[in-house]
Amino acid sequence: NSTTFLCHLRIMGRRGGIVMMLAFFVFLLLIVDRAYPQLVGVRSDASGALNFTCTSATFQNDVVVGTQRTSILNLAKSVSDHVSSIYSVLSYGAKGDGASDDSSSFVATFDAATRAGGGVVYIPTGSYLITSTIVVHRGPVGGGLPLRVMGDGMSSRIMWASDSNLFLFHNNITKFFSLDNIRIESVGVTKSATSWAFTFDGCYYCLFHRIYIMQPLPYYGTNTVQAAGGGINFLGLTDSTTLYDVQMWGIMGSGIRVVGVYMITLTNVRVIGCFTPGQPRFNTLGVGVHFQNGADATTLQSVVIHYMAVGVQTDSTSHGAIRIRSSEIQGAGIGMRIIGGNTIMASDFRFAYSDNQQILLEGSCSLTLTSGFLDHGGQATACNGADRTLSQCLALSALPGTATIMMTNVQFILNSGRPFYLNTGNNPTIIQGLIFNNNGSPAVLNDGTRTTFSNNVCYNNGFPTAVILNGGPLGCCNIGCW
């Protein structure tokens, strides 16, 4: 049924009018054939009264109660069950006028929700000035609701005005938490790399949706005086957590840091660094996505990272499997740095315009690259001089170790230095690659007894010999590579 209708209901004092609301829903059920409206908006006026908006149109990501389409009777039951657990910051004294300090009102709102065992903390349209850290002490959930923080999207603007953590979820691991439709804007002062918009001791079954963390416009150019610090920081074990449609612009610190992770998914996430023309294009401390002490069953889907010191990094204590799909890293110091025994699988990717390596492997790890581009690496000034044999001026570098590398249909294009340098002890397999217009010395494959190099095409590289294989079998069916 394509019938679309809107209903606006005003519930005074959060509790009054429930009976009339339920009666109205039942009336709609009787008169509308097979129409299934969804609750898609909650608004609060100055008095704290809540206004619900529902529609039968399809809004896959805007449903407030539940995460799937719900029938009208279930919707009515959900509203009646949840309305007493919605805590609007306006009801606790917040002004949202962009001038009044709303820090204490936010603290009071979160305290009320956590003391009750959970609920919805609602941040309506407005500009909320926050000058100190909002510390959230998670109370016992018991039989109450999970904690959900929600706003109205870009119009729910939190003005981050101090060089300190903005939100700190403290004392224990947060469970069944969601944060959606919130805009964080850095104002007043430049944030240090150690100041985070959100810090969690850990997060189980958490959802982050439509979160915007940014400095004021313009994002590029000379406006670095109000740059944001870091984005989201998970200090403890994080499990079964999803970040979807999370955008960070003008970041001075790191975008996302996870200390211990199992089953985290990043989809449609953007982390854009902050730079000034004529200066280095990245903050030397900034990592787009940083995994520490474990990164198992992790997926990065449609992730874009620009102008960070390192795009994606795993540390030596991190062991697990990371899948990267349809993602891009551009303008970083190092595109991807893998330290320790991790398994990385990347497909349909592009790593480009890094100052140094597009990919740097350190230690015993496993790397599989399928259908992607490693282009325009070695943008640093040193790589543009006469010596383009520097170890950092290339697309892919594997330090001496026991890395297992499989590359299929990967294109090495227009890199200032070598397309790749794989040191002794690594086990590379390179099939159906394109290696052309690279300006540095020949690519080097060391310890060739464990090397497979076949069906590759090399063309118009800076040296007549595109690839040097130090011993071992050469493979077959390569064109123009030596």
Side-chain angles (χ1 to χ4, degrees), residues 266-273 281-282 288-289 299-308 310-313 322-338 344-361 365-380 383-384 388 392-398 403 405-422 428-445 453-462 466-467 478-481:
L266 280 61
T267 302
N268 194 24
V269 171
R270 280 164 176 75
V271 180
I272 311 299
R281 293 173 299 164
F282 46 82
V289 181
T299 300
L300 280 64
Q301 173 78 39
S302 300
V303 173
V304 175
I305 301 172
H306 287 186
Y307 311 123
M308 306 298 290
V310 181
V312 174
Q313 178 170 320
I322 301 174
R323 297 168 179 84
I324 302 175
R325 302 169 181 160
S326 304
S327 297
E328 175 183 276
I329 300 174
Q330 277 203 41
I334 298 174
M336 183 166 65
R337 185 183 184 193
I338 308 302
I344 311 297
M345 295 161 282
S347 60
D348 300 316
F349 62 90
R350 186 188 182 204
F351 300 162
Y353 291 98
S354 295
D355 271 21
N356 301 302
Q357 298 97 333
Q358 313 274 26
I359 298 176
L360 175 61
L361 305 179
C365 60
S366 175
L367 174 67
T368 301
L369 302 177
T370 306
S371 300
F373 293 85
L374 297 172
D375 62 275
H376 294 88
Q379 294 293 311
C383 298
N384 293 326
R388 287 173 172 159
Q392 70 267 27
C393 302
L394 39 77
L396 188 151
S397 177
I405 304 165
M406 166 71 77
M407 293 185 284
T408 304
N409 195 24
V410 176
Q411 300 189 34
F412 298 83
I413 308 171
L414 292 169
N415 295 285
S416 294
R418 304 178 191 270
F420 47 82
Y421 194 108
L422 307 179
T429 298
I430 305 173
I431 302 173
Q432 295 178 349
L434 296 178
I435 304 169
F436 61 92
N437 289 337
N438 299 286
N439 295 317
S441 301
V444 174
L445 297 170
F453 187 82
S454 64
N455 295 91
N456 299 283
V457 176
C458 305
Y459 175 74
N460 199 32
N461 293 286
V467 177
N478 299 288
I479 300 175
C481 296

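Remember, predicted model here, so these are calculated numbers, not experimental data.
- Within a 6.0 Å sphere centred on CZ of R325, heavy atoms belonging to other residues, nucleotides or ligands number 12 at most.
- The closest side-chain heavy-atom distance from M336 to F349 is not below 4.5 Å.
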Can you check side-chain contact (heavy atoms from CB on, under 4.5 Å) on E328 and H306, steps first, answer last?
CA-CA 8 Å; E328 175 183 276; H306 287 186; 2.8 Å; yes
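- In this structure, S302 contributes its side chain and N268 its backbone to no donor-acceptor pair below 3.5 Å.
- In this structure the side chain of C481 reaches within 4.5 angstrom of the side chain of F453, judged on heavy atoms.
- Under the 4.5 Å side-chain criterion, counting only non-hydrogen atoms from C-beta, L369 is in contact with L396.
- For the pair M308 and I272, the tightest heavy-atom approach, listed with the atom from each and the gap, is SD-C, 4.3 Å.
- Contact check for I344 versus I324: side-chain heavy atoms found under the 4.5 Å cut-off.
- Put simply, CZ on F373 and CG on L434 are 8.5 Å apart, with the number rounded to the nearest 0.5 Å.
- Looking at R418 and F412, their side chains never come closer than 4.5 Å, going by heavy atoms from C-beta outward.
- In plain terms, the two heavy atoms of I305 and G288 that are nearest each other are CG2-CA, 4.0 Å.
- Atom-to-atom distance recorded for Q357:CD and D355:CG is 10.5 Å, nearest 0.5 angstrom.
- With a 4.5 Å cut-off on side-chain heavy atoms, Q411 and D375 do not count as touching.
- Heavy-atom minimum distance, C458 versus G480: CB-O, 3.2 Å.
- Using modelled atom types, one side-chain atom of N438 and one backbone atom of N415 make a donor-acceptor pair closer than 3.5 Å.
- Between the side chains of H376 and Q358, no donor-acceptor pair is found at a separation under 3.5 Å.
- The side chain to side chain contact (heavy atoms under 4.5 Å, CB included) test with L374 is passed by exactly one of I359, I413, I435: I359.
- Considering all non-hydrogen atoms of both residues, A403 and L361 come closest at CB-CD1, 4.4 Å.
- The distance from atom OG of S354 to atom CD1 of I329, rounded to the nearest 0.5 Å, is 7.5 Å.
- Considering CG of N478 and CG of N455, their distance stands at 7.0 Å, rounded to 0.5 Å.
- Within the 4.5 Å cutoff, the side chain of Q330 has heavy atoms near those of the R350 side chain.
- Closest heavy-atom contact between N461 and N437: OD1-N, 3.5 Å.
- The side-chain heavy atoms of S371 and S347, taken from C-beta on, include no pair separated by under 4.5 Å.
- Here I431 contributes atom CD1 and T370 contributes atom OG1; the two are 10.0 Å apart, rounded to the nearest 0.5 Å.
- Contact between A332 and G311 at its shortest, heavy atoms only, is CB-N, 4.1 Å.
- Note that CG of L300 is 11.5 Å distant from CE of M345, once rounded to the nearest 0.5 Å.
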